Number of protein chains: 2
Amino acid sequence: MTSHDNDAFKPIATVDLAIFSLSPAGLSVLLVRRASAPFTGDWALPGGWIHIDEDVDLEAAARRVLKEKTGVETPYLEQLQTTGSRTRDPRGWSISIVYIALLSADHVAERQGGMAGEAEWRPIEGEGVGFPLAFDHASLLKEALGRIRRKVEYSSLPGHLLPVRFTLSELQTVYETLLGRKLDKSAFRKRMSEADFLEPVEGEMRRASNRPAQVFRLKDTRSLALFDRTI
Amino acid sequence: MTSHDNDAFKPIATVDLAIFSLSPAGLSVLLVRRASAPFTGDWALPGGWIHIDEDVDLEAAARRVLKEKTGVETPYLEQLQTTGSRTRDPRGWSISIVYIALLSADHVAERQGGMAGEAEWRPIEGEGVGFPLAFDHASLLKEALGRIRRKVEYSSLPGHLLPVRFTLSELQTVYETLLGRKLDKSAFRKRMSEADFLEPVEGEMRRASNRPAQVFRLKDTRSLALFDRTI
DNA sequence: CTAACTTAGTTGAATATTTACACTAAGGCT
DNA sequence: AGCCTTAGTGTAAATATTCAACTAAGTTAG
């Protein structure tokens, strides 16, 4: 077996998404029911083929799949990892490029009805959803959760689960939900201020509670690349 | 354009490697000269097709390519990222799964002669090698360097660039090389001890300098998974 | 053979950062 | 009016980090 160019094996390659949002129950992931073999009827992460004529690159393919399933066009999107093996799909060698997407609460609210038929939000319990998934998707979901939970420690990632404008108290609650522990208010505020993730929305105050609070928004996402430590 | 299973577009997919080692000049990367179109004669990261019958998964494919180019069978190997687009290869849509490999000094020494004809070590200067590479490989190399340099901060990754057994002074020098700055000896030792990356080789001392030094080795690599924060 | 030199490994004081918790103030609610 | 809840700040104690000196085990020069 030598390596001429025309030995090129072209494997089946899909883009799969772990799409998260916050529900009253905590962090939730969007799952779809498989309509065709293999794993017909099982729950799976939403995914799709790359469309050679539509998608200029992998991220565009992920964005398109996300829009098809949820209608959302401006998500937080981040490549997680690529798995490929002979055994993960019974039809043979296949590759899956997995992306993580975070949907804000208002994204989800807007699209409550418009969601593709068999897609449903399922609450995260521990390292997954508590029931089996098609292919190796349970393992992919576990990796995605690991990435998110580690990244809470050093990035503004949790901010993408809130509406565009939020208060510091709301943000702290999201951090606490993802970390599974309480944070000190004073330390949290100092850290946010030093990390320079946020900008105040000038003059805007919110009175969701019994006291008005300053409203913030995330600074331009591009600056986040500085903090990306993939894996 | 609807999405039946048999629409499945199977893109050209390769596994490419950014293989690093330490040379007297500092960090070096292994490059090969392309023998065929496109980019004939240009330098590129070593890579290869997936062999559907040989490779059980992507990591096995990366391992095989590494062995073909360097003879090394037990490298440090880590998936970096996957790029795929219409434009990165003039022949059309293609995908590259990129792995980072670190070779220890004794790996390199062993294989000085046995290396495939047109492969050469090139010193890293800043964010690359200082001359153009085929495809998007300059950009892939830049990402790999970013990953390595960030990971120095919180992992034992630099240890994989040394022989299996090394002294703390040698290890500190590698950290300093990768970070591009001097570290405090006392703080470095305390950190290493707390991080629990290393185990002493009982009873073994090295007298490379004018004073004998305790010899260490990395603890089982599997424990490193705890620290992996991809990207 | 001795004295000077080099480097492994440790110690400690000065400084900076984190943590825990109390405190003030601006409303809403009864 | 007075009490309650929550936004936002202050601060003292505990912990970490930094910087630099110190000890000890050799090697090398004279």
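In this text the structure is predicted, and so the values were computed from the model without any measurement.
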Spacing between Leu171(A) atom CG and dG8(D) atom P, to the nearest angstrom: 12 Å

Between dC19(D) atom C1' and Lys190(B) atom NZ, what is the distance in whole Å? 14 Å

Integer-rounded Å distance: dT6(D) C1' and Glu170(A) CD: 13 Å

Looking at Ser186(A) and dT19(C), is any side-chain donor or acceptor paired with a base atom of the opposite kind under 3.5 Å? no

Could you tell me how far apart Phe188(A) (CZ) and dA20(C) (P) are, to the nearest whole angstrom? 16 Å

Is the shortest side-chain N to carboxylate O distance from Arg63(B) to Glu59(B) below 4.0 Å? yes

Atom pair CZ/CG of Phe135(B) and Asp16(B) - distance to nearest 0.5 Å: 8.0 Å

Return whichever of Glu194(A) or Arg207(A) has its heavy-atom-nearest nucleotide of DNA chain C closer to the 5' end. Glu194(A)

Value in whole Å for how far the P atom of dG8(D) lies from CD of Gln214(A): 7 Å

For the pair made of CG in Asp184(B) and C1' in dA13(C), what is the distance, rounded to whole Å? 14 Å

In whole angstroms, how far is the P atom of dT18(D) from the CZ atom of Arg181(B)? 9 Å

Base, sugar-phosphate, or nothing: which does Thr167(B) touch, judged by heavy atoms less than 4.0 Å apart? nothing

Taking N and O atoms by type only, does the side chain of Asn210(B) place a donor or acceptor under 3.5 Å from a partner on the base of dT27(D)? no

Think Arg189(B) has a side-chain N or O under 4.0 angstrom from the OP1 or OP2 of dT17(D)? no

CE of Met205(A) versus P of dA25(C): gap in Å, rounded? 16 Å

If you assign Lys185(B) and Lys185(A) each to the DNA chain C nucleotide with the nearest heavy atom, which residue ends up on the more 5' nucleotide? Lys185(B)

Take Glu199(A) and Lys219(A) through the test salt bridge (charged side-chain N to carboxylate O under 4.0 Å, His left out) and record every step on the way to the result. CA-CA 6 Å; Glu199(A) 56 187 3; Lys219(A) 286 196 176 172; 5.5 Å; no

On the nucleotide dA8(C), are OP1 or OP2 found under 4.0 Å from the side-chain N or O atoms that Ser169(B) carries? yes

Touch check for Arg206(B), heavy atoms < 4.0 angstrom, all strands: base, sugar-phosphate only, or nothing? nothing

Quick one: which of dG9(C), dG8(D), dT7(C) gets closest to the side chain of Arg211(B)? dT7(C)

Rounded at 0.5 Å granularity, tell me how far OG in Ser139(B) sits from CD in Glu127(B). 11.0 Å

Measure up the Phe188(A) and Tyr175(A) rings against each other and bin them: parallel (under 30°), tilted (30 to 60°), perpendicular (over 60°). perpendicular

